[in-house]
Amino acid sequence: MDALSLLLLAALLWVPVGTLTCYGDSGQPVDWFVVYKLPAHSGPGDAAQRGLRYKYLDEDSGGWRDGAGFISSSTGAVGRSLLPLYRNTTSQLAFLLYNDQPPQSSGSQDSSSRGHTKGRQLTYTYPLVYDHRLEGDFAQKFPHLEEVIKGHHVRQGPWNSSVTLTSNKGHVFQSFAKFGNFGDDLYSGWLVEALGSDLQVQFWQRSSGILPSNCSGVQHVLDVTQTAFPGLAGPTFSATEDHSKWCVAPERPWACVGDMNRNKREEHRGGGTLCAQLPALWKAFQPLVKAWEPCGK
């Protein structure tokens, strides 16, 4: 699981109208939240060493807070929001579960060409679905999901897509997704121009073929090398320890949470990112960047 999880990045859920909502760490409904799972070494105790501690953010939290317990708990934001998946045994629940590293019990499918993805626009990101329930009215209402389950994807260009999503409270999010045939880096090849701003990109820097910071265009893409949370207790950690994927504009209020690393292999895999110009989101992410790689290093 990536260090950074925006609710339902790893699972796509539908439940009856009026019952689907995000629940925050307080147990109350929230319009959106972000959970940042901390690297295993950060913080005291055995649980922290297993990477179960997290930071929590929503529009009313006033910035990052320590998570309410462990990320595996059913009483935290992730656990409460996913409870319908585990508790509902009727036909009123539909879901898709996907991961490019699925549970071993799901079979030995080859995931090397499937999306390194946790988010939306599934015909572009090409996810590996390992479990699902899509029946009756749900199957009729969402026919494209049947195609996703069967492993179908876009067959002709353009190989990238941007759509606008609106939350229950009217907050606007921009979803960027690419198929493997896009053949370029998500950030320097598209996102930086689409957002019209320099971008500082955090991604896991222990894979092969890492792409260096790119200053070839009007806007620059800079690889984050170190992340630091505010306060004396930090924590602070290197991009080689952090599996999260996010980016932030240094001067404009864009912040994005996604699933793509900056390496040569992922230029040819599906994935994307979800961006917003929400003050609470940008003010939380922008100060996290402690160091980055300059261009020409």
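- Within 6.0 Å of CD in E147 there are more than 12 heavy atoms belonging to other residues, nucleotides or ligands.
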I149/L96 under side chain to side chain contact (heavy atoms under 4.5 Å, CB included): CA gap, chis, key distance, verdict: CA-CA 8 Å; I149 292 169; L96 303 183; 3.5 Å; yes
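- At a threshold of 4.0 Å, the pair D259-K245 does not count as salt-bridged, since none of the basic side-chain nitrogens sits closer than that to a carboxylate oxygen.
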Given S162 and Q174, is the side-chain hydrogen bond (donor to acceptor under 3.5 Å, both in side chains) satisfied, shown in steps? CA-CA 7 Å; S162 173; Q174 199 71 21; 2.8 Å; yes
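- Aromatic rings from F285 and W64 are positioned such that their centres are separated by under 6.0 Å.
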Trace of the side chain to side chain contact (heavy atoms under 4.5 Å, CB included) decision for F33 with S81: CA-CA 11 Å; F33 72 77; S81 299; 3.6 Å; yes
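- A salt bridge does not link E241 to R206: none of the charged nitrogens lies less than 4.0 Å from a carboxylate oxygen.
- Connection of W190 to Y126 is established within a shared hydrophobic cluster, with ILVMFWY side chains joined at heavy-atom distances below 4.5 Å, either directly or through further cluster members.
- Distance check, rounded to the nearest 0.5 Å: CG of L211 to CG of L186 gives 11.5 Å.
- When all heavy atoms of Q202 and A239 are compared, the pair lying nearest together is OE1-CB, 3.6 Å.
- The minimum heavy-atom distance linking E146 with A139 is given by the pair OE2-CB, 3.5 Å.
- A cation-pi arrangement, defined by a distance under 6.0 Å to the six-membered ring centre and an angle within 45 degrees of its axis, is present between K55 and F229.
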Side chain to side chain contact (heavy atoms under 4.5 Å, CB included) between K290 and T236, intermediate numbers included: CA-CA 9 Å; K290 183 175 183 180; T236 299; 4.0 Å; yes
When you look at Q219 and D198, which way does the side-chain hydrogen bond (donor to acceptor under 3.5 Å, both in side chains) test go after all the steps? CA-CA 5 Å; Q219 286 87 29; D198 292 357; 5.9 Å; no
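- No donor-acceptor distance shorter than 3.5 angstrom exists from the side chain of Q200 to the backbone of V289, with no hydrogens or angles considered.
- By the 4.0 Å N-to-carboxylate-O rule, D223 lies close enough to R262 to be salt-bridged with it.
- When all heavy atoms of E293 and P212 are compared, the pair lying nearest together is OE1-CA, 3.5 Å.
- No donor-acceptor pair under 3.5 Å is formed between the side chain of Q277 and the backbone N or O of P253.
- Looking at V201, L199, N214 one by one, the single match for side chain to side chain contact (heavy atoms under 4.5 Å, CB included) with S188 turns out to be N214.
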Side chain to side chain contact (heavy atoms under 4.5 Å, CB included) assessment of T227 paired with Y36: CA-CA 12 Å; T227 296; Y36 201 131; 4.1 Å; yes
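- H268 is linked by a side chain to side chain donor-acceptor pair (under 3.5 Å) to nothing, counting only residues two or more places apart in sequence or in another chain.
- Contact between S197 and V192 at its shortest, heavy atoms only, is O-CG2, 3.1 Å.
- W292 CH2: 12 or fewer foreign heavy atoms inside a 6.0 Å radius.
- Here D60 contributes atom CG and L57 contributes atom CG; the two are 10.0 Å apart, rounded to the nearest 0.5 Å.
- The main-chain N or O of M260 is found under 3.5 Å from a side-chain atom of Y187 such that the two form a donor-acceptor pair.
- The shortest distance between side-chain heavy atoms of L195 and F176 falls below 4.5 Å.
- Between the CG atom of D242 and the CD atom of Q226 there is a distance of 11.0 Å, given to the nearest 0.5 Å.
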For Q205 and T240, what are the C-alpha separation, side-chain angles and deciding distance, and is it a side-chain hydrogen bond (donor to acceptor under 3.5 Å, both in side chains)? CA-CA 5 Å; Q205 296 190 30; T240 60; over 6 Å; no
Worked check of side-chain hydrogen bond (donor to acceptor under 3.5 Å, both in side chains) between S207 and N263: CA-CA 7 Å; S207 59; N263 62 41; 2.9 Å; yes
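- Of the options L278, T166, V257, a side chain to side chain contact (heavy atoms under 4.5 Å, CB included) to F173 is made by L278 and by none of the others.
- Residues F95 and H132 place their aromatic rings such that the two centres sit no closer than 6.0 Å.
- R65 contributes a side-chain N or O that, together with a main-chain N or O of S61, makes up a donor-acceptor pair within less than 3.5 Å.
- Side-chain N or O atoms of K178 include one that pairs as donor or acceptor with a backbone N or O of E267 at under 3.5 Å.
- Looking at every heavy atom in both residues, D25 comes nearest to G67 through OD2-CA, 3.6 Å.
- Side chain of N99 to main chain of Q101: a donor-acceptor pair is present (N/O by atom type, distance under 3.5 Å, no hydrogens or angles).
- Here the shortest heavy-atom pairing between H153 and F179 reads ND1-CZ, 3.2 Å.
- Ring pair Y54/F70: centre-to-centre distance not below 6.0 Å.
- Relative ring orientation between H243 and W204 is described as tilted, the plane-to-plane angle lying within the 30° to 60° band.
- Disulfide check for C275/C256 passes, with the SG atoms closer than 2.5 Å.
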